[in-house]
Amino acid sequence: MKINIIGGGPAGLYFAILMKKADAAHQIKIYERNGPDDTFGWGVVFSGKTLANLRAADDVSHAEITKQFEAWDNVDVVHRDAKISIHGNSFSGIARLQLLKILQRRAEQLGVEIDFRSEIQDVESLRNDCDLLLAADGVNSTVRSRYAEQFDPELDVRANRYIWYGTHQLFHGLTLTFRENSAGVFAAHSYKFNPTTSTFIVECDPETWSKAGFDEMGSEETLDYVGEVFAQDLDGHKLLSNNSKWINFLLVKNRRWFFENVVLLGDALHTAHFSIGSGTKLAMEDAIALAESFQRSTNVSEALTHFEKTRRPVIEDYQAAAFESMRWFENAGQYMNLSPIELAYVLMTRSGRVSYEDLQRRAPAFIVEYESNRG
Ligand SMILES: Cc1cc2nc3c(=O)[nH]c(=O)nc-3n(C[C@H](O)[C@H](O)[C@H](O)COP(=O)(O)OP(=O)(O)OC[C@H]3O[C@@H](n4cnc5c(N)ncnc54)[C@H](O)[C@@H]3O)c2cc1C
């Protein structure tokens, strides 16, 4: 089969690896607009369950990924200077750049051709030249816009603003920190992803953003302002920018996932709010599901039909949980009157996926503390 892939992010690279592994005769070419070392973002997180899926799909890249991992089992909630730790949540973090390098190496070893610094505008020519065109070109997918009539995307720009920073302050565990100033409430999502660096994502609602005056600030001033809001948590460490900018979260859904020989994958197909740390995980698990569909049938139409039929319910379920989580953070201001332990409890149960009983089993010490504070 001849497969053209637009986008060398986790979705495109991982699908190429799995297809080439399944049949070395496939001719696979990835077109990636960036160079091999250019990337945005800091760390990415995976749950224990995702790691098991990655091991089953390709143990070689799994071994490389887990060698570089930072693992933890706690979520920490910081509110009014108190830190509440909730254990029993197994997660691991890795630098996005490291992950991409591992996947690029593995793909090239298997014989996948990667054409770096190659930005595709003429999607139709590429599609006519292959059996399968995979659109793994990210949240602002060119392919999705080019064939908007066929995919019928639903794009929802959310009101909250967020910005991805890094820092050398180490957050051992997924740490959710809330700070207030005269402008409003700021929430930080942070975690360590290598021995020296943490991801530090800051989010606020549009009123807070305007009152803080970010529309008038340059990058340095923004970085200093946000650093000041979280000064206590950063403990003297600076925030690190990687061309970091305020963005509005874009919620992506598509009413149709494929047509003829074109299929969307990863962020091009769907997004889930970063508060449940799942963009990279979903992109790679999409790749597993699509590659499995081609194991069942080499007929493109049959394989794509099977992919959408089996994967859509999983994604819809995930997006529903992520939506609840996103809404919680959009309304974070209304929870600030809660005590730290109460806030931690509502946060842990916000997506509707974790119940009191789950917490009792996974984090009994936390539930005992919660109950004793409730009187
Ligand atoms: C600014 C920003 C920072 C992020 N940082 C993090 C983070 O630190 N941690 C985390 O977990 N998640 C992060 N995410 C989310 C995460 O990147 C995605 O959920 C995940 O990478 C999805 O994988 P993907 O392969 O579908 O898309 P992407 O990783 O976005 O990959 C798409 C690829 O397609 C390429 N491309 C796009 N258009 C074209 C074209 N026309 N021609 C050729 N190539 C093209 C892009 O250069 C890119 O490499 C971030 C997202 C954004 C927008």
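Along the sequence shown, residues carry numbers from 1. Each ligand, and each atom within it, is numbered from 1 in the order the structure gives. Keep in mind the model is a prediction, meaning the values are calculated, not measured. FYI, side chains are in, hydrogens and waters are out, and symmetry mates aren't considered; it's all heavy atoms of this structure.
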If you take the nearest heavy atom of each of Phe116, Phe193, Phe200, Trp164, which one is closest to atom 12 (N) of ligand 1? Trp164
For Tyr225, ring pair (Phe, Tyr, Trp, His ring centres under 6.0 Å) partners two or more places apart: Phe214
So the atoms of ligand 1 within less than 4.0 Å of a heavy atom of Asn34 turn out to be 47 (O)
Which atoms of ligand 1 are found less than 4.0 Å from any heavy atom of Ala136? 32 (C), 33 (C), 34 (O)
Just to be sure I read this right, does ligand 1 sit under 4.0 Å from the backbone of Thr142, its side chain, both, or neither, counting only heavy atoms? side chain
Where does the angle between the aromatic ring planes of Phe274 and Phe249 fall among parallel (under 30°), tilted (30 to 60°) and perpendicular (over 60°)? perpendicular
Between His189, Arg96, Glu119, flag the one that comes closest to atom 17 (O) of ligand 1 by a heavy atom. Arg96
Using only heavy-atom distances, determine whether the side chains of Asp358 and Ser355 contain a donor-acceptor pair under 3.5 Å. yes
Using heavy atoms and a threshold below 4.0 Å, how should the contact between Ala283 and ligand 1 be classified: side chain, backbone, both, or neither? side chain
Salt bridge (Lys or Arg N to Asp or Glu O under 4.0 Å) assessment of Lys211 paired with Glu207: CA-CA 6 Å; Lys211 268 202 210 159; Glu207 296 76 31; over 6 Å; no
Examine Val44 against ligand 1 and note whether any of their N/O atoms are separated by less than 3.5 Å. no
Do we get Arg127 above Tyr147's six-membered ring, with its NZ or CZ under 6.0 Å from the centre and within 45° of the axis? yes
Which of the numbered atoms in ligand 1 are under 4.0 angstrom from any heavy atom belonging to Gly138? 27 (O), 30 (O), 32 (C)
Which atoms from ligand 1 have a heavy atom of Ile6 less than 4.0 Å away? 40 (C), 42 (N), 43 (C)
Quick one: does Lys83's side chain have a donor or acceptor within less than 3.5 Å of a partner on Thr175's backbone? no
Could you list the atoms of ligand 1 found under 4.0 angstrom from a heavy atom of Gly266? 26 (O)
Between Asn4 and Lys2, does a side-chain hydrogen bond (donor to acceptor under 3.5 Å, both in side chains) hold up when you go through it step by step? CA-CA 7 Å; Asn4 284 333; Lys2 183 169 179 191; 5.1 Å; no
Looking at Glu330 and Arg327, is any side-chain nitrogen of the basic one under 4.0 Å from a carboxylate oxygen of the acidic one? yes
Going by heavy atoms, is Thr199 under 4.0 Å from ligand 1? no
Considering both backbone and side-chain atoms of Gly43, is one of its nitrogen or oxygen atoms within less than 3.5 Å of a nitrogen or oxygen in ligand 1? yes
Atoms in ligand 1 with a heavy atom of Tyr31 nearer than 4.0 Å: 43 (C), 44 (N)
Which one holds for Gln121 and ligand 1: side chain close, backbone close, both close, or neither close, with close meaning a heavy atom under 4.0 Å? neither
Residue Ser118 vicinity, atoms of ligand 1 by number, heavy atom under 4.0 Å: 42 (N), 43 (C)
Only counting residues at least two apart or in another chain, list the ones meeting side chain to side chain donor-acceptor pair (under 3.5 Å) with Asp317. Arg353
